[in-house]
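Every heavy atom of this structure was used, including side-chain atoms; hydrogens, water molecules and symmetry mates were not. What you see is a predicted model, and the numbers here were worked out from it, not measured in a lab.
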Amino acid sequence: MRRAVCPGSFDPITNGHLDIIGRASKLYDVVHVAVMINQSKKGLFTIDERIGMIREVTADFGNVEVESFHGLLVDFCKQRDIPAIVKGLRAVSDFDYELQMAQMNNGLSGVETLFVPTNPTYSFLSSSLVKEVATWGGDVAHLLPPTVHEALVERLAQK
């Protein structure tokens, strides 16, 4: 079985994330979406909420498994016998950082990293930017799956 992982914080999942996961799901038998737990960051959505949203919006792919992880991504990969990490690249600035991570991960465990160029429609997109624009009343509906957009609007209204 060909397996890969798409890691991230996904706070919240965007159409850009979904594009990369969907493309990976066509290349691999199983794609694990690993939702990173970062104790030092307070996310807008809880880990369980993020996992639920990702499961909902990736259900049609049929070969995506979603779970959380903390610690080293290579340990997550080793525990699940995953030989490849799939990462989307938006710009050259992403490549600099991601190349260093890929080389470190490969040196630690032999796990390969595959870079997928982001669809130009989403080349500027990040969860942080979406949250910031939405906080100030900007329309981000076209950047998120509809149910995720509803959850974002609702959460921001509570704040």
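- A distance of 8.5 Å separates SG in C77 from CZ in F69, rounded to the nearest 0.5 Å.
- For the residue pair Y28 and A84, the shortest heavy atom distance occurs at OH-CB, 3.8 Å.
- If you take NE2 on H17 and CG on L125, they are separated by 7.5 Å, rounding to the nearest 0.5 Å.
- Looking at N119 and T121, their side chains do bring a donor and an acceptor atom within 3.5 Å of each other.
- Note that CG of D81 is 11.5 Å distant from CE of M1, once rounded to the nearest 0.5 Å.
- Side-chain contact between I85 and L73 is present, with heavy atoms from C-beta onward closer than 4.5 Å.
- The backbone N or O of R90 lies less than 3.5 Å from a partner atom in the side chain of D94, making a donor-acceptor pair.
- A salt bridge links K131 to D11: one of the charged nitrogens lies within less than 4.0 Å of a carboxylate oxygen.
- Following chains of ILVMFWY side-chain contacts shorter than 4.5 Å, one can reach V31 starting from I51, so the two form part of one hydrophobic cluster.
- For E49 (side chain) and T46 (main-chain N/O), a donor-acceptor pair under 3.5 Å exists by modelled atom type.
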From CA spacing to verdict: side chain to side chain contact (heavy atoms under 4.5 Å, CB included), T113, E98:
CA-CA 9 Å; T113 300; E98 294 297 346; 5.8 Å; no

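- Side-chain contact between T58 and L18 is present, with at least one heavy-atom pair separated by less than 4.5 Å.
- In this structure the side chain of Q103 reaches within 4.5 angstrom of the side chain of L99, judged on heavy atoms.
- Atom CZ of R50 is separated from atom CE of M36 by 8.0 Å, given to the nearest 0.5 angstrom.
- Under a hydrophobic clustering in which Ile, Leu, Val, Met, Phe, Trp and Tyr are joined whenever their side-chain heavy atoms come within less than 4.5 Å, directly or via other members, V116 and V64 fall into the same cluster.
- Residues V133 and V140 are in side-chain contact: their nearest non-hydrogen atoms beyond the backbone lie under 4.5 Å apart.
- Side-chain heavy atoms closer than 4.5 Å link hydrophobic residues (I, L, V, M, F, W, Y) into clusters, and following such links, possibly through other members, connects I37 to V33.
- Within 6.0 Å of the CG atom in D29, the count of heavy atoms belonging to other residues, nucleotides or ligands exceeds 12.
- In this structure the side chain of T14 never reaches within 4.5 angstrom of the side chain of Y122, judged on heavy atoms.
- Checked by atom type and distance alone, the side chain of T118 pairs as donor or acceptor with a backbone atom of L89 at under 3.5 Å.
- F61 and I13 fall within the same hydrophobic cluster, where Ile, Leu, Val, Met, Phe, Trp and Tyr residues are linked whenever their side-chain heavy atoms come under 4.5 Å apart, directly or through other members.
- Note: the hydrophobic cluster containing V30 does not contain L27 (ILVMFWY, side chain heavy atoms under 4.5 Å, direct or indirect links).
- One finds the CD1 atom of I47 at 6.5 Å from the OG atom of S68 (value rounded to the nearest 0.5 Å).
- Side-chain contact between L152 and L144 is present, with heavy atoms from C-beta onward closer than 4.5 Å.
- Residue P12 comes nearest to F45 through the heavy atom pair CB-CE1, 3.9 Å, listed as atom of the first residue, atom of the second, then distance.
- Nearest heavy atoms, S109 versus K78: CB-CE, 4.0 Å.
- Expressed to the nearest 0.5 Å, how far OG of S9 lies from CG of L44 amounts to 11.5 Å.
- Considering all non-hydrogen atoms of both residues, A34 and V5 come closest at CB-CG2, 3.7 Å.
- Two residues are said to be in side-chain contact when any heavy atoms from C-beta on lie closer than 4.5 Å; P145 and E56 fail this criterion.
- At distances below 3.5 Å, at least one donor-acceptor pair connects side-chain atoms of N15 with backbone N or O atoms of H142.
- Side-chain contact of R3 with H32: a donor-acceptor pair under 3.5 Å is present, judged by distance alone.
- Comment: R80 does not engage E65 in a salt bridge, judged by the lack of any side-chain N to carboxylate O separation of less than 4.0 angstrom.
- Looking at every heavy atom in both residues, N63 comes nearest to S25 through ND2-O, 2.9 Å.
- Between V111 and I82 there is no side-chain heavy-atom pair separated by less than 4.5 Å.
- Contact between I20 and P117 at its shortest, heavy atoms only, is CD1-O, 4.5 Å.
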